[in-house]
2 protein chains.
Amino acid sequence: MAQPAPRRRDAAATREALLQAARHLLAERGATQTTTRDIAAEVGVNQALINRYFGSKESLFVEAVRGGGASVSELIATSPIEHLPEGILREVLDASASGRGSSALLAGVVNNDTITEIIREMVEDTFTRGLGDRLGGDDAGLRAELLNALVVGIAVMREKIGSQALRAADFDDLAKYVRRMAVPLLADD
Amino acid sequence: MAQPAPRRRDAAATREALLQAARHLLAERGATQTTTRDIAAEVGVNQALINRYFGSKESLFVEAVRGGGASVSELIATSPIEHLPEGILREVLDASASGRGSSALLAGVVNNDTITEIIREMVEDTFTRGLGDRLGGDDAGLRAELLNALVVGIAVMREKIGSQALRAADFDDLAKYVRRMAVPLLADD
DNA sequence: GAGCTAAGTCAACAGCTGATTACATAGACC
DNA sequence: GGTCTATGTAATCAGCTGTTGACTTAGCTC
């Protein structure tokens with residue numbers, strides 16, 4: 001991967017590189033199928049550094065997951081509500097394609113109690129409360145979580161299972177249907 | 001299937017019990033976090049029987065996954081289209097709650113190439129073609145896969161992540177919103 | 001350039017996992 | 001009752017995994 005700092009020894013840069021590799025492999029394979037040796041190899045360092053810098057493999061994953069999801073959260077706070085379905089879809093699919101960790105993508109991958117709990121908290125902050133408060137009306141939290149579930153389902157079926165039509169569709173087509181499905185959620189009646 | 005006499009030695013019954021335990025643990029923990037010893041312990045037999053009856057752990061999982069999904073497929077073929085969103089949702093959530101393997105639930109759990117490929121084929125048969133043909137119109141396959149994605153996303157967020165509002169909602173509330181979201185998919189304009 | 005500290009490597013560990021082999025026995029058949 | 005085979009167990013193997021501690025070395029300070 002790209003090594004921005006040309007310095008041979010740079011603890012901060014190495015730490016960050018390990019986090020990025022962890023996010024990438026976590027999204028691609030999941031926690032249990034990613035070994036510390038895999039992560040270290042992607043960065044080009046020795047696996048022992050993971051324990052030196054993070055204490056354990058799980059702590060590395062926890063920190064890697066905590067770093068994700070911020071962009072969706074910001075989008076929900078700032079974007080006009082009618083643009084949210086398309087915006088969230090784009091953000092999640094982009095995060096998935098570029099290998100960045102996203103709570104939505106990880107949802108389909110993780111089977112670790114600690115990481116699952118972190119994702120649950122992030123979803124609650126971002127959707128149940130964050131989007132729910134903006135939506136208002138009956139079942140605001142439920143409606144917000146349903147929008148999240150739709151986008152998560154699309155990401156999982158595209159990236160993990162490889163559903164044909166979902167993969168073949170270009171983004172605008174996909175966004176068109178997502179907008180239509182989301183309309184009943186955005187209305188607060 | 002009929003469970004005959006409580007014989008102490010019954011290869012067919014033992015084989016079936018191993019398949020059931022495999023489906024249960026596969027849905028609960030995923031493939032990599034389920035060991036042959038776990039599966040055998042749930043049945044109460046020695047782990048060596050897995051290799052005797054199925055050749056390998058992976059072959060057991062493949063056979064276990066192939067057995068699931070039939071009920072959704074039948075539903076799609078026989079139920080009136082307007083009842084499908086609620087029906088599929090119920091079927092997937094029931095399968096998830098009872099620990100039966102369902103392609104939708106497994107989608108959130110599996111990180112094994114062979115199993116993923118089987119699920120992809122099942123989704124294609126059941127939704128892309130099965131439901132797509134019934135829907136007709138533009139993007140029929142895509143619209144069918146989007147309904148699947150919605151239900152999969154709901155199942156994953158409920159069972160794997162534990163999203164609060166999705167778990168707290170009773171089925172009728174959930175079904176109400178799913179129906180509303182699915183309306184734009186069922187129409188063929 | 002000598003010395004020190006942080007950054008990184010190396011080798012080995014203990015535990016777990018899937019698989020294999022040799023062995024034990026229930027239960028049908030004669 | 002004796003025998004034979006399918007059914008099941010126990011012990012073990014080889015490979016992988018996360019973690020650890022001892023060692024090496026780059027690069028700054030004086």
Side-chain angles (χ1 to χ4, degrees), chain A residues 1 3-26 28-65 109-115, chain B residues 1 3-26 28-65 109-115:
Chain A
M1 299 307 271
Q3 294 280 10
R7 280 177 290 183
R8 300 266 305 276
R9 288 192 170 197
D10 184 335
T14 302
R15 232 190 91 100
E16 191 54 41
L18 285 171
L19 280 169
Q20 282 188 358
R23 285 195 196 96
H24 168 222
L25 292 172
L26 197 52
E28 191 170 291
R29 308 182 197 168
T32 52
Q33 280 193 324
T34 298
T35 71
T36 56
R37 286 167 177 83
D38 291 338
I39 300 168
E42 187 164 307
V43 175
V45 298
N46 191 277
Q47 49 142 359
L49 287 187
I50 287 173
N51 292 91
R52 175 189 287 274
Y53 288 144
F54 301 94
S56 70
K57 176 194 178 188
E58 182 168 65
S59 299
L60 164 61
F61 280 156
V62 165
E63 195 169 326
V65 171
V109 179
V110 165
N111 268 93
N112 172 298
D113 288 344
T114 310
I115 300 180
Chain B
M1 286 302 196
Q3 292 281 9
R7 279 178 290 179
R8 299 262 309 275
R9 290 193 168 196
D10 183 335
T14 303
R15 232 189 91 101
E16 191 54 41
L18 285 170
L19 280 169
Q20 281 189 357
R23 286 195 194 96
H24 168 223
L25 292 171
L26 197 51
E28 190 170 292
R29 308 182 197 168
T32 52
Q33 281 194 323
T34 300
T35 71
T36 56
R37 286 168 177 82
D38 291 337
I39 301 169
E42 187 164 308
V43 176
V45 298
N46 191 276
Q47 50 137 0
L49 287 187
I50 287 174
N51 292 90
R52 175 188 289 277
Y53 287 143
F54 301 93
S56 69
K57 175 194 178 188
E58 182 168 66
S59 299
L60 164 61
F61 279 157
V62 165
E63 195 169 327
V65 171
V109 178
V110 165
N111 268 92
N112 173 297
D113 288 345
T114 309
I115 299 179

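Lettering of chains follows the sequences in order, A, B, ..., and the numbering in each one begins at 1. Keep in mind that this is a model prediction, so the values were computed, not measured. Values below: every heavy atom of this structure, side chains too, minus hydrogens, waters and symmetry copies.
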Check whether any side-chain heavy atom of Ile39(B) sits under 4.5 Å from a side-chain heavy atom of Phe61(B), and report yes or no.
-> yes

Gap between atoms [atom1] and [atom2], on [X] and [N] respectively (whole Å):
| X | N | atom1 | atom2 | answer |
| --- | --- | --- | --- | --- |
| Leu60(A) | dT19(D) | CG | P | 10 Å |
| Asp10(B) | dA26(C) | CG | C1' | 13 Å |
| Ile39(A) | dT17(D) | CD1 | C1' | 12 Å |
| Arg52(B) | dA10(D) | CZ | C1' | 13 Å |
| Arg9(B) | dC4(D) | CZ | C1' | 13 Å |
| Leu49(A) | dT9(C) | CG | P | 6 Å |
| Gln33(A) | dG18(D) | CD | C1' | 16 Å |

So, the side chain of [X] versus the backbone of [Y]: is there a donor-acceptor pair under 3.5 Å, distance only?
| X | Y | answer |
| --- | --- | --- |
| Arg23(A) | Val65(A) | no |
| Lys57(B) | Asn51(B) | no |
| Thr34(A) | Gly30(A) | yes |
| Thr14(A) | Asp10(A) | yes |

Would you classify Phe54(B) as touching base, sugar-phosphate or nothing, given that sugar-phosphate means primed atoms plus P, OP1 and OP2, and contacts are heavy atoms under 4.0 Å?
-> nothing

Results of side chain to side chain contact (heavy atoms under 4.5 Å, CB included) for Ala40(A) - residues two or more places apart only = Val45(A), Gln47(A)

Pairwise 5' ranking along DNA chain D for Asn46(A) and Asn46(B), keeping only the more 5' one = Asn46(B)

Using a cut-off of 4.0 Å between protein heavy atoms and nucleotide atoms, how would you tag nucleotides 12-19 of chain C 5' to 3' with B, S and -?
-> B----BBB

